[in-house]
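Shown next, in structure tokens, is the structure this report addresses.
If you're wondering where the values come from, they're calculated on a predicted model, not measured in any experiment. No hydrogens, no waters, no symmetry mates; every other heavy atom, side chains included, goes into these values. Numbers for residues simply follow the sequence, beginning at 1.
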Amino acid sequence: WSNIVTVMLLLLFNWVHKFDVFQNSTRVLGMNYSVAPAKYTNEELRDLGLNPQWRKEDSLNTIAILENWKAKNTTDPQQKPKLVILSCSGGGLRSTLWTFYTMQYLDSLTGGQMMKHMVLICGSSGGMVGAAYMRELCLREEEGEKINHLDPAYRENAGEDVLNPMAFSIAVNDWFLPLRHAEYDNMDYSRNRAWAFEEKMLSNTGNVLEKKLSDYTKPEREAKIPMMFFAPTIVNDGRKLIIASQGVSYLSQPAPPAGVSNQALPDGVEFSRFFSNQGAANARFMSVLRMNATFPYITPLTDLPSEPVIEVFDAGMRDNFGVDNLLRFLYTFRTWISENTSGVVLLQTRDKSKIRPVEETHSQTVMQALSRPMGSFYGNLFVVQDYNHDYAIDQAGHWLGAPIDVLDFELTNDEPDLISLSWHLTGHEKTRILSCMSAPGNQKAAARFRYLLTQ
């Protein structure tokens, strides 16, 4: 009878898991889940995406930010500044450390001019965590704290382990009796591996990122720091959840040009407006970073206070580098950019080489042949994104009215000596990541960047 009893217990466990008392739903800390949920319907999204008043307000607000940036970067009225954008890939802790170190290196190389010229940061997963950490350090230094954002100690912090507390949470809580809870802003949330991720990342970085999303509205508006656009993927329908400290309704659905008649679907949901009644402005910034870096199964999907409930996961599934959002940004403000800058410099931090060797085809077993179509699709997902991104960036040259320079900073991360895609790095892997900056391609890109900022 033991086998029958075991099967019956498993079926019982599977059945009772649907009841709320056993649910371990992951939520955004700071948001209010006790109020009426936002209505997530196609009609509601269309109305939000096409609101002309919001587009006008957000565009004027962003132009004000660009004007503040221009005043900060104009020393000679006859010389227009370069507009710098950072696009960082996902890739767990290796991307966190690589993006952070690349920003440190380039800012040091240019005498602090990189962060000063940077307007926008886009991307996914670990790369955005590293960029957010550097941005916060620069803000604190800008506001008078006695820190040096180029200190190698911060680089060590960026590469510290995050995986162990997450694994512990899985072992003792998440998959068996998810009953532990924690309090944040007088509201109750599940204390699962998502909580463990946030707490450990905050601890590693000295709690400097313990802020709300709205805490960055004012410094971004004053151009003290670059804006950041996050875009985790909505599981329900594949749309992007666009998260920013500023109003960015112009990203949710591009306005079609004159002469085009098309019933375009809104492919983005503006987080701050859609969830305004559920406390989007009070969202914990580390929860936003974690949502944007939700690799399936490693970190849990996040539920949002909507009807029906929408779940979100890693931004990299739609756009690993955030190129779609940054191009929409450039298109929206193309006239201002062409008139007030000498061009755009797009820095890309990559956790792998852009040009990859062609995979050889070998004799296959039946199982390998059956799994190859799906395995090939997932394995080439980011390569296909690169093809689309290259085409879109090339086309941008036709409408921007200003030159675009794309500079790639790549990790040397190929077979057979791969750097693990994980939230844990060995000492050897950290050393390898830092040594990649001396690679000829990265040194050439760094020299080119330094030259461009002087033009």
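A donor-acceptor pair is defined here as one N or O able to donate and one able to accept, closer than 3.5 Å; such a pair exists between the side chain of Thr294 and the backbone of Met291. Between the Tyr33 side chain and the Val28 main chain, a donor and an acceptor come within less than 3.5 Å of each other. Looking at Thr205, its side chain never comes within 3.5 Å of a backbone N or O of Val208 through a donor-acceptor pair. Asn73 places a side-chain N or O within donor-acceptor distance of the main-chain N or O of Trp69, the cut-off being under 3.5 Å. Asn236 places a side-chain N or O within 3.5 Å of a backbone atom of Val309 that can act as its donor or acceptor partner. In this structure, Asp319 contributes its side chain and Gly123 its backbone to no donor-acceptor pair below 3.5 Å.
Between Lys352 and Glu410 there is no salt bridge, since none of the side-chain N atoms of the basic residue sits less than 4.0 Å from a carboxylate O of the acidic one. The existence of a salt bridge linking Lys354 and Asp386 is excluded, since no basic side-chain nitrogen approaches an acidic carboxylate oxygen closer than 4.0 Å. Between Arg94 and Asp351 there is a salt bridge, since at least one side-chain N of the basic residue sits less than 4.0 Å from a carboxylate O of the acidic one. Arg318 has a carboxylate O that lies under 4.0 Å from a charged side-chain N of Asp267, or vice versa, which qualifies the two as a salt bridge. A salt bridge is defined here as a Lys NZ or Arg NE, NH1 or NH2 lying under 4.0 Å from an Asp or Glu carboxylate O, and Asp215 with Arg284 fails to meet this definition. Taking 4.0 Å as the cut-off between side-chain N and carboxylate O, Lys39 and Glu44 do not count as a salt-bridged pair. Salt bridge status for Arg350 with Asp408: present, with a side-chain N to carboxylate O gap under 4.0 Å. Between Glu429 and Arg432, no side-chain nitrogen of the basic residue sits less than 4.0 Å from a carboxylate oxygen of the acidic one, so the salt-bridge criterion is not met.
Side-chain contact between Val312 and Thr233: absent, with no pair of heavy atoms (C-beta onward) separated by less than 4.5 Å. When side chains are defined from C-beta on, Cys88 does not count as touching Gln348, because their heavy atoms never get closer than 4.5 Å. Side-chain contact check for Val248 versus Ile242: some heavy-atom pair is nearer than 4.5 Å. At least one side-chain heavy atom of Leu304 sits under 4.5 Å from a side-chain heavy atom of Met31.
Arg450 meets the side chain to side chain donor-acceptor pair (under 3.5 Å) test with no other residue; sequence neighbours excluded. Here Asp314 pairs with nothing under the salt bridge (Lys or Arg N to Asp or Glu O under 4.0 Å) rule; sequence neighbours left out. Listed by chain and number, the residues in a ring pair (Phe, Tyr, Trp, His ring centres under 6.0 Å) with Phe274 are Tyr40 (sequence neighbours excluded). Scored by the ring pair (Phe, Tyr, Trp, His ring centres under 6.0 Å) test, Phe409 finds no partners at all (sequence neighbours excluded). Remark: Asn186 engages no residue in a side chain to side chain donor-acceptor pair (under 3.5 Å) (not counting sequence neighbours). Applying the ring pair (Phe, Tyr, Trp, His ring centres under 6.0 Å) rule to Phe329 yields the partners Phe333; only residues at least two apart in sequence or on another chain are considered. For Ser34, the side chain to side chain donor-acceptor pair (under 3.5 Å) partners at least two apart in sequence or on another chain are Asn32. In this structure, the side chain to side chain donor-acceptor pair (under 3.5 Å) partners of Asn61, at least two apart in sequence or on a different chain, are Arg221, Gln246. Asp185 meets the salt bridge (Lys or Arg N to Asp or Glu O under 4.0 Å) test with Lys212; sequence neighbours excluded.
Side chains of Glu311 and Thr302: no donor on one and acceptor on the other come within 3.5 Å. Looking only at atom types and distance, the side chain of Asn204 has a donor-acceptor partner in the side chain of Lys200 under 3.5 Å away.
Cation-pi geometry between Arg334 and Tyr331 is satisfied (NZ or CZ under 6.0 Å from the ring centre, within 45° of the ring normal).
Pairs passing the ring-ring contact (aromatic ring centres under 6.0 Å, His included) check and including a residue from residues 190-229, sequence neighbours excluded, read Phe197-Trp423, Tyr216-Phe285. Each ring-ring contact (aromatic ring centres under 6.0 Å, His included) pair with one or both residues in residues 81-114, not counting sequence neighbours, appears once here: Phe100-Tyr133. Residues in residues 131-148 take part in these salt bridge (charged side-chain N to carboxylate O under 4.0 Å, His left out) pairs, two or more places apart or across chains: Arg135-Glu220, Glu136-Arg140, Glu136-Lys211, Arg140-Glu145, Glu143-Lys224.
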